[in-house]
Peer 1: 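One structure follows; several queries about it will come next.
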Amino acid sequence: MSFSSVLVAAAAIIILYFSSSVFTSPTDGPLYDYTAYTQCKLEPEDPLYNGGILQNEVATMEFIVEDNGTTTSWPAFVLPNLTPSTFYCFSSWIKIYGSNSSLITARLLSGNSPHYCVGTVVARHDCWSFLKGGFYTNTESNPSLLYFQNSDDKEISITISSASLQPFTKEQWSLQQQYKMNTVRKRAVTIHVSDKQGERLQGAAVRVEQVSKDFLFGSAINNYIIGNLPYQKWFVERYNAAVFENELKWAATEPKQGVYNYTLADKMLDFVRANQIVARGHNIFWEDPNYIPSWVLNLTSPELELAVKNRIRSLMTRYKDEFVHWDVSNELLHFNFYEDKLGENATYEFFKVAHEADPLATLFMNDFNVVESCKDVKSTVDTYISKMRDLRRYGVWMDGIGLESHFGVPNIPLMRAILDKFATLQLPIWLTEVDISNEFDHDLQATYLEDVLREGFSHPSVNGIMLWSALKKNGKCYQMCLTDTNFINLPAGVTVDKLLKEWQTEVINSQTDEHGAFSFYGFLGEYMVTASFGGETMSSTFSVSRSDETRHFSIQI
């Protein structure tokens, strides 16, 4: 890329960056509003987008034929003109009467399609709760109903206030993803080249190469990678993060009580260390009884308490400071084996002991069906947040939000809305096990995967993304493979490679201007710069971290 083209691109980005009210695009649409609330309020806030296409609309009571054939009356908005190929972002404030709290689900009913969940909130009787969601339409169906259903078996009434429904075209959505990538994942850089006396050197040749990325993007691996040089080469060329699929789980490391086996995990960790890859620890405990060692299931409570302490002590002592994260309690929203056996505070004790064993590791909850959809009443965004707040009340502060992200058909506006609500907690957010269901063919998996990855990478509060695509010896993966056993990319792998290339600064060769300076706009990470002038050459490295200010770096020849 030439110096002039870099400046033009940077100028265009800067114009977008300082535009506070309008996103400059061919359709001149509004900027997406990332505002969200997780605290109940005495009065509702004003509607986002001034209400969008629901401006001045009031919910009316409509009769809905439920999936079981019964007819019930719910508050609803009649939507006469939903546009095909459009992203719709929805929000409202909700208050209930007749119960202290209840899960309220916003559903979309279009034609003969199923009643489609587009958002949830745990609403209360004494204050207003914020529901944020959305949906994508690809067919025309007029009219449609957006209605609010009580998901709990309670006799309550629902009041809606400050409702908003804002449409975005595909082009607007894509442009705004790019806008966030440019302003959150990149930064302006100016390199100054001078001689030893500090004189600026005009016309010095400058070469800039990104040598590592700040954003952590990786995949699950399993023991098939041990000694498998082609697999290792394929992995290292792409990823800066890894997670072990099964090799750290309790059933793998202690198959019989008191008999520990860390051989496979140790060998995989050797590979990770040798290639300077960041590793997540997955997992310390799994709440699902189907994945708990069989010898654990029938222990008495005192025996289980001792076994749990030995598990944490053995695992965390052996691997202290090795893993940047630990999934402490896996799928706690869906299962509660340890709470049933050891009491409702069991998980909080797990977090405390794990933190004491490895104080610098970030400790995660990790669960499914949180960001993938809103149909699972056990793992709504509000349910997850409530559990996180419980952790804090029990003194657990080294906490992170793990969203497994096993997607069917992605609902991208809903995904963004849920991430917005999690962002209010100001905690690390990771998409920890991203894949697309194998009910789709390889091409459709790749299409949906790109939608999910673009949304995750462009969201300002997502810290990292892990794919759940560990390749087994038989060529199978959990749901989605990126490559075959010869390490020829499948369509999903082609998509990942395309995005990884897009999300890295290309090698730049240019020269300094009359001020002895050269500017570019690059992704966050580590860079190598080489400057040459008058037969002399000097190289150095510098980092580009997140900031709104230009990064200045000086090099002398």
Side-chain angles (χ1 to χ4, degrees), residues 1 174 177-178 180-182 184-186 208-222 224-225 228-243 245 271-272 275-280 405-407 410 412 415 430-438 440-459 462-472 475-508 521-528:
M1 181 182 288
S174 178
Q177 285 178 329
Q178 193 61 49
K180 275 299 174 186
M181 292 180 201
N182 288 337
V184 175
R185 306 296 180 202
K186 301 176 83 173
V208 177
E209 179 182 6
Q210 186 175 11
V211 294
S212 69
K213 302 176 183 179
D214 261 11
F215 190 86
L216 293 173
F217 187 104
S219 174
I221 55 175
N222 56 40
Y224 181 49
I225 205 167
N228 189 332
L229 297 182
Y231 192 3
Q232 292 181 8
K233 180 176 184 294
W234 180 89
F235 192 94
V236 171
E237 286 175 349
R238 289 161 174 79
Y239 304 126
N240 57 5
V243 60
E245 187 177 36
F271 160 71
V272 165
N275 292 282
Q276 298 179 301
I277 293 171
V278 172
R280 300 191 74 248
S405 307
H406 296 294
F407 282 88
I412 297 301
M415 176 183 175
W430 276 63
L431 308 184
T432 58
E433 304 180 17
V434 177
D435 64 9
I436 305 297
S437 171
N438 61 13
F440 307 113
D441 63 32
H442 287 166
D443 289 333
L444 201 49
Q445 276 186 323
T447 298
Y448 290 155
L449 179 64
E450 181 167 354
D451 291 341
V452 170
L453 294 182
R454 285 193 182 278
E455 191 58 45
F457 185 71
S458 64
H459 197 284
V462 172
N463 287 27
I465 298 174
M466 302 296 292
L467 303 169
W468 204 250
S469 53
L471 183 67
K472 298 178 176 63
K476 302 294 184 180
C477 305
Y478 175 68
Q479 291 283 328
M480 177 192 74
C481 284
L482 301 182
T483 178
D484 62 19
T485 52
N486 294 316
F487 302 100
I488 305 300
N489 275 345
L490 299 171
V494 172
T495 291
V496 170
D497 281 359
K498 177 184 73 173
L499 294 179
L500 289 175
K501 182 178 180 181
E502 180 182 324
W503 298 338
Q504 177 164 340
T505 307
E506 294 183 355
V507 175
I508 302 171
Y521 207 71
F523 285 98
L524 307 183
E526 296 292 320
Y527 285 79
M528 171 72 74

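We use all heavy atoms of the structure for the numbers below, so side chains are in, but hydrogens, waters and symmetry mates are not.
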Peer 1: Which heavy atom of Gln232 sits nearest to which heavy atom of Ile225, and what is that distance?
Peer 2: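 Closest heavy-atom pair between Gln232 and Ile225: NE2-O, 2.9 Å.
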
Peer 1: Could you walk me through whether Arg280 and Thr432 pass the side chain to side chain contact (heavy atoms under 4.5 Å, CB included) check?
Peer 2: CA-CA 9 Å; Arg280 300 191 74 248; Thr432 58; 3.8 Å; yes

Peer 1: For the residue pair Leu500 and Tyr239, establish whether any side-chain heavy-atom pair is separated by less than 4.5 Å.
Peer 2: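 A side-chain contact under 4.5 Å exists here.
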
Peer 1: Measuring from Thr483:OG1 to Ile488:CD1, what's the distance to the nearest 0.5 Å?
Peer 2: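 CD1 of Ile488 is found 6.5 Å from OG1 of Thr483.
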
Peer 1: Please report the shortest heavy-atom distance between Gly456 and Ile465, naming the atom on each side.
Peer 2: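 It is C-CD1, 4.0 Å.
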
Peer 1: Kindly write out the residues that satisfy ring pair (Phe, Tyr, Trp, His ring centres under 6.0 Å) with Phe457, not counting sequence neighbours, or none if the list is empty.
Peer 2: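 Partners of Phe457 by the ring pair (Phe, Tyr, Trp, His ring centres under 6.0 Å) criterion, ordered by chain and then number, come out as Phe215, Trp503.
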
Peer 1: Can you find a heavy atom in the side chain of Leu431 that is under 4.5 Å from one in the side chain of His459?
Peer 2: no

Peer 1: Within the 4.5 Å heavy-atom criterion, are Ile436 and Val452 side-chain neighbours or not?
Peer 2: yes

Peer 1: Could you report the tightest heavy-atom contact between Val272 and Ala279, atom names first, then the distance?
Peer 2: CG1-CB, 4.0 Å

Peer 1: Between NZ of Lys472 and SG of Cys481, what distance do you get to the nearest 0.5 Å?
Peer 2: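 Answer rounded to 0.5 Å: 8.0 Å.
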
Peer 1: Treating Ser469 as the side-chain partner and Met480 as the backbone partner, does any N or O pair qualify as donor plus acceptor under 3.5 Å?
Peer 2: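 No: the side chain of Ser469 does not pair with the backbone of Met480.
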
Peer 1: Can you pull out every salt bridge (charged side-chain N to carboxylate O under 4.0 Å, His left out) where at least one residue sits in residues 476-492? Sequence neighbours excluded, please.
Peer 2: none

Peer 1: How close do Val462 and Arg185 get, counting heavy atoms only, and between which atoms?
Peer 2: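 Of all heavy-atom pairs spanning Val462 and Arg185, the closest is O-NH2, 2.9 Å.
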
Peer 1: One pair to check against side chain to side chain contact (heavy atoms under 4.5 Å, CB included): Phe523 and Asp214. What are the steps and the verdict?
Peer 2: CA-CA 8 Å; Phe523 285 98; Asp214 261 11; over 6 Å; no

Peer 1: Is the closest side-chain heavy-atom distance between Glu455 and Gln177 below 4.5 Å?
Peer 2: yes

Peer 1: Is the shortest heavy-atom distance from the side chain of Ile221 to the side chain of Phe271 under 4.5 Å?
Peer 2: yes

Peer 1: Identify the heavy atoms of Leu449 and Leu482 that sit nearest to each other, and give their distance.
Peer 2: CD2-CD2, 4.4 Å

Peer 1: Looking at every non-hydrogen atom in both residues, tell me the closest pair between Gln479 and Asp435 and how far apart they are.
Peer 2: CB-OD2, 3.4 Å

Peer 1: From Phe235 CZ over to Asn240 CG, what is the distance, rounded to the nearest 0.5 angstrom?
Peer 2: 9.0 Å

Peer 1: Within the distance-only criterion (no hydrogens, no angle test), does the side chain of Glu526 pair as donor or acceptor with the backbone N or O of Lys213 below 3.5 angstrom?
Peer 2: no

Peer 1: Is the number of heavy atoms from other residues, nucleotides or ligands under 6.0 Å of Gln276 CD greater than 12?
Peer 2: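 For Gln276, atom CD is not crowded (no more than 12 foreign heavy atoms under 6.0 Å).
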
Peer 1: A side-chain contact here means heavy atoms from C-beta on lying under 4.5 Å apart; do Phe217 and Leu467 qualify?
Peer 2: yes

Peer 1: If you count heavy atoms of other groups shown closer than 6.0 angstrom to NZ of Lys498, is the number above 12?
Peer 2: yes

Peer 1: So do the side chains of Leu216 and Asn463 get within less than 4.5 Å of each other, counting heavy atoms only?
Peer 2: no

Peer 1: Could you work out, with side-chain hydrogen bond (donor to acceptor under 3.5 Å, both in side chains) as the rule, every residue matching Glu433, not counting sequence neighbours?
Peer 2: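 Partners of Glu433 by the side-chain hydrogen bond (donor to acceptor under 3.5 Å, both in side chains) criterion, ordered by chain and then number, come out as Asn366, His406.
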
Peer 1: Which residues satisfy the side chain to side chain contact (heavy atoms under 4.5 Å, CB included) test with Asn228, sequence neighbours excluded?
Peer 2: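 Listed in chain order: Tyr224, Pro230, Tyr231, Phe487.
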
Peer 1: Identify, with sequence neighbours excluded, every residue that meets side-chain hydrogen bond (donor to acceptor under 3.5 Å, both in side chains) alongside Asn275.
Peer 2: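 Applying side-chain hydrogen bond (donor to acceptor under 3.5 Å, both in side chains) to Asn275 gives none.
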
Peer 1: Can any side-chain N or O of Asn222 pair as donor or acceptor with the backbone N or O of Leu471 at less than 3.5 Å?
Peer 2: yes

Peer 1: Arg454: which residues meet the salt bridge (Lys or Arg N to Asp or Glu O under 4.0 Å) condition with it, sequence neighbours left out?
Peer 2: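 Glu450, Glu502.
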
Peer 1: Check whether Gln210 reaches the backbone of Gln504 with its side chain - one donor and one acceptor, N or O, closer than 3.5 Å.
Peer 2: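 Looks like no, no N/O pair under 3.5 Å.
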
Peer 1: Atom NZ of Lys180 and atom NZ of Lys186: how far apart are they, to the nearest 0.5 Å?
Peer 2: 15.0 Å

Peer 1: Do any N or O atoms from the side chain of Ser437 and from the backbone of Phe407 form a donor-acceptor pair under 3.5 angstrom?
Peer 2: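 Flag not set: sc Ser437 to bb Phe407 has no pair under 3.5 Å.
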
